[in-house]
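A short write-up of the structure that comes next.
Convention: sequence-line order gives letters A, B, ...; per-chain numbering from 1. Side chains included, hydrogens not; waters and symmetry mates left out as well; all remaining heavy atoms used.
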Amino acid sequence: MAKGAKLRKEKQSVAVSGESLAQQSSSQNRRWTRGFIIAVVLIYVINKFYIPVAPMQVKVAFNTWLSLTSMGEIMVFILMALGLNIVVGYAGLLDLGYVAFWALGGYVAGWLMSGFFDQVTFKFGGNPAKGLPHGIHLNVFLVLIAGGIFTAIWGVIIGAPTLRLKSDYLALVTLGFGEIIPQFMVNGENIGGFNMTNGSKGINPVDNIKIFGFEFGPFALADKFLLYAALAGMMIFLSLRLRDGRLGRAWLAIREDELAASMMGVPLMRTKLASYAVGATAGGVGGVAFATLIGGVYAERFNFQISIIILSMVVLGGMGNVWGVMLGATLLAWINNTGLVQIGKIFNAATGMNVDFPSFNFLIFGVLLVLMMLFRREGFIPEARVRLIMHEDEFADVSNVTDQIKLEGHHHHESH
Amino acid sequence: MSLTNKPVLDAQNISVVFGGLVAVNDVSFAIPEGSIVSLIGPNGAGKTTFFNVLTGLYQPTSGQVIFDDKDITGLSPNKIAAGGVARTFQNIRLFGMMTAQENVMVAMHSHMKAGVFATTFKTKKQRQEESEARDFAQELLDFVGVGETTHEYARNLSYGDQRRLEVARALALRPKVLLLDEPTAGMNPNESAQFVEFVHRLRSERAVSILLIEHDMSVVMQVSERITVLDQGEKIAEGSPTEIKNNPRVIEAYLGKSGSEASQNVN
């Protein structure tokens with residue numbers, strides 16, 4: 001009976017979504033948008049105004065479990081996961097080399113807002129560190145835009161030949177690009193005598209952010225967090241808007257049936273390239289943001305694991321659903337940068353063992369994904385349509401149940 | 001009479017060879033403007049292959065397809081579709097996880113303009129374009145008779161409604177020619193009879209020329225102004241329904257040699 005009730009409730013929600021998908025999703029969007037803004041403002045206010053005057057224990061607790069660096073990183077990962085969601089979740093193109101765009105964005109920050117190219121001295125709204133006037137120093141907004149454009153162009157360059165391939169082959173080739181570009185960065189310290197990437201030493205320091213004459217020093221983490229949250233917020237907005245427009249529909253159509261889509265006048269290459277370029281742009285902006293967050297660019301950080309982590313965020317959260325992906329990104333980014341370390345410490349202290357938890361991150365992600373596939377294949381917050389397809393058999397049962405209920409109701413009427 | 005009109009779609013000497021197999025052999029075929037014509041033939045006759053050449057899915061090994069006085073041979077399917085040759089599928093190929101309205105709006109893609117920027121910022125133009133598209137989608141859904149399913153997922157529609165939705169989606173391309181691939185497959189006799197009426201309404205109200213591939217002979221005979229018969233990749237007959245009905249080669253192709261003798265004996 002309880003199961004029947006639950007199923008009926010689910011059926012109801014499906015019926016509602018069928019009746020007015022647009023209305024339902026817009027009220028969901030409003031709720032989540034409000035939640036996101038409240039969370040961001042709370043984190044900012046608490047860290048900016050309360051933590052400096054808080055008792056020591058509170059300070060320590062916040063710094064261990066909810067440090068601002070990790071919060072900023074979460075925002076950057078939300079931005080990137082949503083970018084990948086446009087490629088994987090919306091258009092259905094499996095991209096295993098997303099880290100390439102993150103790397104490219106990072107190096108744009110390294111090139112355009114640091115003292116790295118000390119052959120030249122160029123400053124435009126930038127913020128060179130004291131005593132190091134050489135190099136290119138652009139304003140952070142310009143660098144974010146440049147990073148986005150640069151990676152969009154690379155998205156098209158990489159996408160044009162690869163997006164002709166079908167599913168598995170596309171995954172393999174993108175995997176290849178995801179390896180090639182970071183490798184190039186590692187080995188790019190001597191390109192015909194020109195040091196382009198400073199090899200494995202990386203480029204650092206990247207300039208502190210300075211906006212409207214207000215400098216975000218290394219300790220202005222709360223302000224930086226607000227900037228990254230704004231970027232993530234913009235990406236949420238972009239994702240929601242695109243989903244409901246001409247391009248979003250074409251992406252979904254391609255995800256469902258490429259051939260039928262092309263027969264309905266959707267140009268496959270152009271439309272796929274558009275999704276790839278938008279995804280790449282988000283990756284690039286994320287790269288710039290991350291470089292400013294950690295104050296440098298390091299080639300080793302751009303490894304294959306990152307592609308997989310970001311993909312896991314998309315799958316875990318619920319492919320195609322903006323809020324699910326946001327939640328997936330939040331959870332995995334936090335586990336990766338804080339949770340594992342801290343839980344490891346507690347575990348080791350309690351047991352007297354010396355287990356290096358962070359090195360097991362992939363074991364844990366793997367287990368998480370397997371559990372998800374077993375118990376909630378559609379992700380935390382699936383797109384309504386995905387949930388429908390994954391629980392088709394249950395819904396079929398329910399429609400029988402409701403038919404029966406209707407029938408019973410009918411009998412009642414007759415007896416009266 | 002529409003058959004004397006000049007052809008809106010004209011396939012000339014089409015051959016398609018897959019490896020050693022000649023799937024279509026030197027077939028010429030025209031759809032006069034405003035007409036309803038059919039392509040029939042036993043299984044494996046090359047009907048669908050020919051269809052796929054017209055819609056750009058296959059390149060013909062030789063021959064030309066002229067649409068609206070332009071050579072469209074070898075153009076990509078989406079260009080041909082956007083140009084005004086729309087089709088439905090033998091085994092329904094709707095976007096099941098999208099609503100009926102979204103399905104129809106996908107087919108308006110090539111007639112719409114909004115890009116990433118306009119969509120993100122909902123420019124005035126984009127909003128106007130979207131609302132026009134929604135209205136047109138509703139008009140088409142009403143026209144085919146599934147107007148109350150606007151926000152239903154396509155996969156939840158009944159079989160007959162899915163067939164209708166496919167037609168609505170094809171009409172969203174604002175086509176000059178509509179190719180229907182076995183549209184009555186799976187329909188009961190009653191539905192098939194309604195379908196005949198529907199095809200006539202399509203032509204008169206949406207101003208399209210129609211090509212049918214069909215197995216149901218009663219539908220074909222009732223609805224077509226001209227019938228072309230393919231067998232083993234070759235055109236074996238062409239003419240009015242009455243001519244085709246009495247053509248010995250056609251009877252032979254469908255019933256075999258002795259069958260055709262038998263039917264002649266009956267006559």
Side-chain angles (χ1 to χ4, degrees), chain A residues 14-25 86 92 152 234-235 237-271 274-275 277-278 281 320 383-390 392 395-396 399, chain B residues 52 55-57 76-89 92-122 126 129-130 133-134 149-156 166 169-170 172-175 179:
Chain A
V14 173
V16 169
S17 73
E19 180 186 294
S20 177
L21 187 71
Q23 266 176 31
Q24 196 206 26
S25 72
I86 288 192
M234 276 156 67
M235 191 61 203
F237 182 74
L238 182 87
S239 299
L240 291 174
R241 281 284 169 90
L242 286 183
R243 159 66 192 84
D244 282 331
R246 167 178 174 265
L247 268 172
R249 285 190 297 269
W251 287 333
L252 256 61
I254 288 177
R255 182 179 82 183
E256 294 226 1
D257 188 339
E258 249 189 68
L259 188 131
S262 77
M263 290 288 186
M264 292 306 132
V266 175
L268 295 182
M269 270 311 287
R270 277 189 64 153
T271 313
S275 84
V278 174
T281 307
E383 216 189 352
R385 52 192 93 226
V386 176
R387 193 179 58 201
L388 199 67
I389 207 170
M390 296 245 179
E392 202 165 16
F395 288 138
S399 63
Chain B
N52 286 340
T55 52
L57 200 56
S76 56
N78 64 286
K79 284 203 179 120
I80 292 178
V85 181
R87 70 171 292 177
T88 64
F89 297 89
I92 300 172
R93 296 186 82 146
L94 288 166
F95 309 117
M97 293 275 88
M98 301 174 77
T99 64
Q101 184 189 49
E102 287 174 321
N103 266 275
V104 177
M105 286 171 82
V106 166
M108 297 177 198
H109 186 87
S110 55
H111 298 302
M112 296 169 76
K113 289 198 179 65
V116 172
F117 183 86
T119 312
T120 308
F121 295 102
K122 278 201 179 166
Q126 190 265 356
E129 185 182 77
E130 281 285 309
R134 275 194 300 272
T149 64
T150 315
H151 298 295
E152 298 282 344
Y153 288 120
R155 68 194 338 256
N156 290 354
E166 264 211 331
R169 185 178 68 172
L173 284 161
R174 301 177 189 272
L179 312 179

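For chain B, the nearby parts of A:A261 are the backbone and the side chain; heavy atoms of each come within less than 4.5 Å. Looking at B:S76, neither its backbone nor its side chain comes within 4.5 Å of chain A, counting heavy atoms on both sides.
For the atom pair CG (A:L240) and OG1 (B:T119), the distance works out to 13.0 Å, reported to the nearest 0.5 Å. To the nearest 0.5 Å, atom CE of residue A:M264 and atom OG of residue B:S110 are 10.5 Å apart.
Residues A:R246 and B:K113 come closest through the heavy atom pair NH1-O, 3.7 Å. In terms of heavy atoms, B:M98 sits closest to A:A253 at SD-N, 3.8 Å. Across every non-hydrogen atom of B:A81 and A:S262, the tightest pair is CB-O, 4.3 Å. Residue A:D257 comes nearest to B:F95 through the heavy atom pair O-CE2, 3.7 Å, listed as atom of the first residue, atom of the second, then distance. Scanning both residues, A:R249 and B:V106, for their nearest heavy atoms gives O-CG2, 3.8 Å. Considering every non-hydrogen atom in both A:F237 and B:T120, the closest pair reads CE2-O, 3.5 Å.
In terms of heavy-atom pairs under 4.5 angstrom with chain B, the leader among A:L238, A:V266, A:L247 is A:V266. Among B:M112, B:E129, B:M108, the residue making the largest number of heavy-atom pairs under 4.5 Å with chain A is B:M112.
The existence of a salt bridge linking B:R93 and A:E256 is excluded, since no basic side-chain nitrogen approaches an acidic carboxylate oxygen closer than 4.0 Å. For the pair B:E130 and A:R241, the salt-bridge criterion is not met [side-chain N within less than 4.0 Å of a carboxylate O].
Side-chain contact check for A:V278 versus B:V116: some heavy-atom pair is nearer than 4.5 Å. In this structure, the side chains of B:H109 and A:T271 come closer than 4.5 Å at one or more pairs of heavy atoms.
Under the side-chain contact (heavy atoms from CB on, under 4.5 Å) test applied with A:M263, the options B:V85, B:L57, B:T88 reduce to a single match, B:L57.
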